[in-house]
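Lettering follows sequence order; numbering is per chain, from 1. Note that the coordinates shown come from a computational prediction; the quantities given were computed from them, not determined experimentally.
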Number of protein chains: 2
Amino acid sequence: MSVSTRDRILDAAEGLFADQGFHLTTLRQITQAAEANLAAVNYYFGSKQELIRAIFRRRLDALNAARLERLDAIEDDGSRPDLEAVLDAFVEPALEFTRGGDAEGQRFMQLLLRAFADRDTALHEAMRHEYAHVMRRFADAVSGALPGADPTRLRHQLDFIVGALTLTMAESALKDTRIIAAELVQFAAAGLRGSLDHRIPESARRTLEATS
Amino acid sequence: MSVSTRDRILDAAEGLFADQGFHLTTLRQITQAAEANLAAVNYYFGSKQELIRAIFRRRLDALNAARLERLDAIEDDGSRPDLEAVLDAFVEPALEFTRGGDAEGQRFMQLLLRAFADRDTALHEAMRHEYAHVMRRFADAVSGALPGADPTRLRHQLDFIVGALTLTMAESALKDTRIIAAELVQFAAAGLRGSLDHRIPESARRTLEATS
DNA sequence: GCTCGATTCAAACAACCGTTTCAATCCTAC
DNA sequence: GTAGGATTGAAACGGTTGTTTGAATCGAGC
């Protein structure tokens, strides 16, 4: 039994979207790569836009599930989880896909980056919804590992980490990703710890006061 | 004397590209917004692709010049610059454009993000070239403020900061940007300082060893 | 005031897009 | 094995794209 046409389309589309972007990739390229008929996309997904959403749903489900699974494993230990372990549970699954041998992991990161860049608000909202409970779980976990942190600030900082992770993973060569991920975890942990004292840099304070 | 047609096209295109992306924005929209004729884009720039490059050249020149100017001012003080001031010289000019009153600054950050996401290797290479000497200057400055840092690692960390800056500035609401920038500076400074002791998180080390 | 290059204009071009249509084919259930 | 829904196939549709063309208009220099 071979792979279903639906799945072949999903796989082919994911690769092409990552390489060329959403608008540049045509349904004719996709169906040709998937060895399916042109009409198959509209038959299975209704439209090109809904095909894109289906791709993200499939991968984000897997990615976030892996993250939560790792977080569960850490927290089940009973003792207070350390900060680096929590961050690693967030970062490492983003690399897990790379294990497959080909550039699948990096491809999906490219795709994620494109989703951030695109102004498709419907897709954006869907992703935010898909991410919401994961981010809350991790915010709680970080809070637990770092008592006394300001919640609003923590949310901003998690966005920093997502940004750093997404952009660097999409950019850097495949070989380096594992090392860079370890560096990112350490960088983020130090950054989070450093915000516990509320020092604001001199020049930034000047800027702030000048506009108040 | 009014603004030249060439400049009106650049301004209109920049706004539309930021809002809708490169491929989705049509030359007809651009020329209509610029109150110019459809053929004017090809007359002045040759093609849509070269129009995009011209936009980035104009803005990146200004942004990076402002960054270096601030860095010069800091280093001219004679004394060893402190880390937060160096980082602020990198981050703050990215917000300077916001001062104009409208959403121009955020728009350009959106645009930068799109450029990262796009696989236009020619544009990518041009940007890297445009950024190269700025990144080296800042890497040196950070090195000076943080003696003993590993150069390769420092380069990765600067990429983290660029990623965090670009993604969060493009995403966050206009009102918050100044506060978030101050938080980012502090976060990044703590992250950089924290890498001086070479601790690697437990779980990440396990992952590294499993694949060697 | 006329000339000539620079600029603007309306119109058309060929190519490609996502989607729709409807007949042909496949496959399961009776 | 045959009926009937699920899937595939080839072709065409209407619309939009970036680009090109060639004439009309403008504006400075003699």
Side-chain angles (χ1 to χ4, degrees), chain A residues 1-58 111 114-115 117-124 126, chain B residues 1-58 111 114-115 117-124 126:
Chain A
M1 184 60 179
S2 185
V3 192
S4 73
T5 301
R6 212 189 108 100
D7 286 337
R8 285 204 319 276
I9 290 177
L10 278 172
D11 288 335
E14 186 178 70
L16 286 168
F17 282 147
D19 277 348
Q20 310 176 341
F22 300 121
H23 303 302
L24 221 74
T25 302
T26 72
L27 294 185
R28 284 166 177 83
Q29 288 180 311
I30 294 171
T31 51
Q32 186 174 343
E35 300 186 49
N37 187 267
L38 170 61
V41 168
N42 289 279
Y43 177 74
Y44 281 108
F45 300 96
S47 71
K48 184 183 182 181
Q49 200 60 229
E50 292 194 49
L51 167 63
I52 294 175
R53 306 228 173 98
I55 290 172
F56 275 96
R57 233 179 292 122
R58 181 174 69 153
L111 215 61
R114 289 190 193 285
D118 260 344
R119 268 284 175 93
D120 180 348
T121 52
L123 175 59
H124 231 83
Chain B
M1 183 58 181
S2 186
V3 193
S4 72
T5 301
R6 210 190 107 100
D7 285 337
R8 285 205 318 278
I9 290 177
L10 278 173
D11 288 334
E14 188 177 71
L16 286 168
F17 282 147
D19 278 348
Q20 311 176 342
F22 299 120
H23 303 302
L24 221 75
T25 302
T26 72
L27 295 185
R28 283 167 179 82
Q29 287 180 309
I30 293 171
T31 51
Q32 185 175 343
E35 299 186 50
N37 187 268
L38 169 64
V41 168
N42 289 280
Y43 177 74
Y44 281 107
F45 301 95
S47 71
K48 184 183 181 181
Q49 199 60 228
E50 291 193 50
L51 167 63
I52 294 175
R53 305 226 175 99
I55 289 173
F56 274 97
R57 236 179 289 122
R58 182 174 71 152
L111 214 62
R114 290 190 192 285
D118 259 344
R119 268 285 176 91
D120 179 348
T121 52
L123 175 60
H124 231 83

_Residues from residues 26-34 of chain B lying under 4.0 Å of DNA chain C - heavy atoms_ = B:Arg28

*Atom pair CG (A:Asp19) and CG (A:Leu24), whose distance is rounded to the nearest 0.5 Å*: 11.0 Å

*asked:* With rounding to the nearest 0.5 angstrom, report the CZ to CD1 distance, B:Arg8 to B:Ile30.
replied: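 Spacing of CZ (B:Arg8) from CD1 (B:Ile30) equals 13.5 Å.
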
Which atom pairs, donor and acceptor, lie under 3.5 Å between side-chain atoms of residues 37-44 of chain B and protein residues at least two apart or in another chain?
{"residue": "B:Asn37", "atom": "OD1", "partner": "B:Ala39", "partner atom": "N", "Å": "3.0"}

_Length of the line joining A:Asn37:CG and C:dG18:P, which is rounded to integer Å_ = 14 Å

Closest heavy-atom contact between [X] and [Y]?
X	Y	result
B:Ala115	B:Phe22	N-CE1, 4.3 Å
A:Ala18	A:Arg114	O-NH2, 3.0 Å
B:Leu111	B:Glu14	CD2-CG, 3.9 Å
A:Phe17	A:Lys48	CE2-CE, 4.1 Å

_Contact check, side chains of B:Arg6 and B:Phe45, non-hydrogen atoms, under 4.5 Å_ = yes

*Considering residues at least two apart in sequence or located in another chain, which fulfil the side-chain hydrogen bond (donor to acceptor under 3.5 Å, both in side chains) criterion with B:Arg58?*
B:Asp11

*Sequence neighbours excluded, which residues qualify as side-chain hydrogen bond (donor to acceptor under 3.5 Å, both in side chains) partners of A:Arg57?*
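Not a single residue meets the side-chain hydrogen bond (donor to acceptor under 3.5 Å, both in side chains) criterion with A:Arg57.
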
*First contact, last contact: which nucleotides of DNA chain D are these for chain B, 5' to 3', heavy-atom distance under 4.0 Å?*
D:dT17 to D:dT21

Show each protein N/O and nucleotides 21-23 of chain C N/O combination with a separation under 3.5 Å, one pair to a line.
none

*Could you list the residues that satisfy side chain to side chain contact (heavy atoms under 4.5 Å, CB included) with A:Gln29, not counting sequence neighbours?*
A:Leu16, A:Gln20, A:Thr25, A:Thr26

*Do any of residues 40-48 of chain B sit with a heavy atom less than 4.0 Å from DNA chain D, and if so which?*
B:Asn42, B:Ser47, B:Lys48

*Between B:Thr5 and B:Leu38, which is nearer to the 5' end of DNA chain C once each is assigned its nearest nucleotide?*
B:Thr5

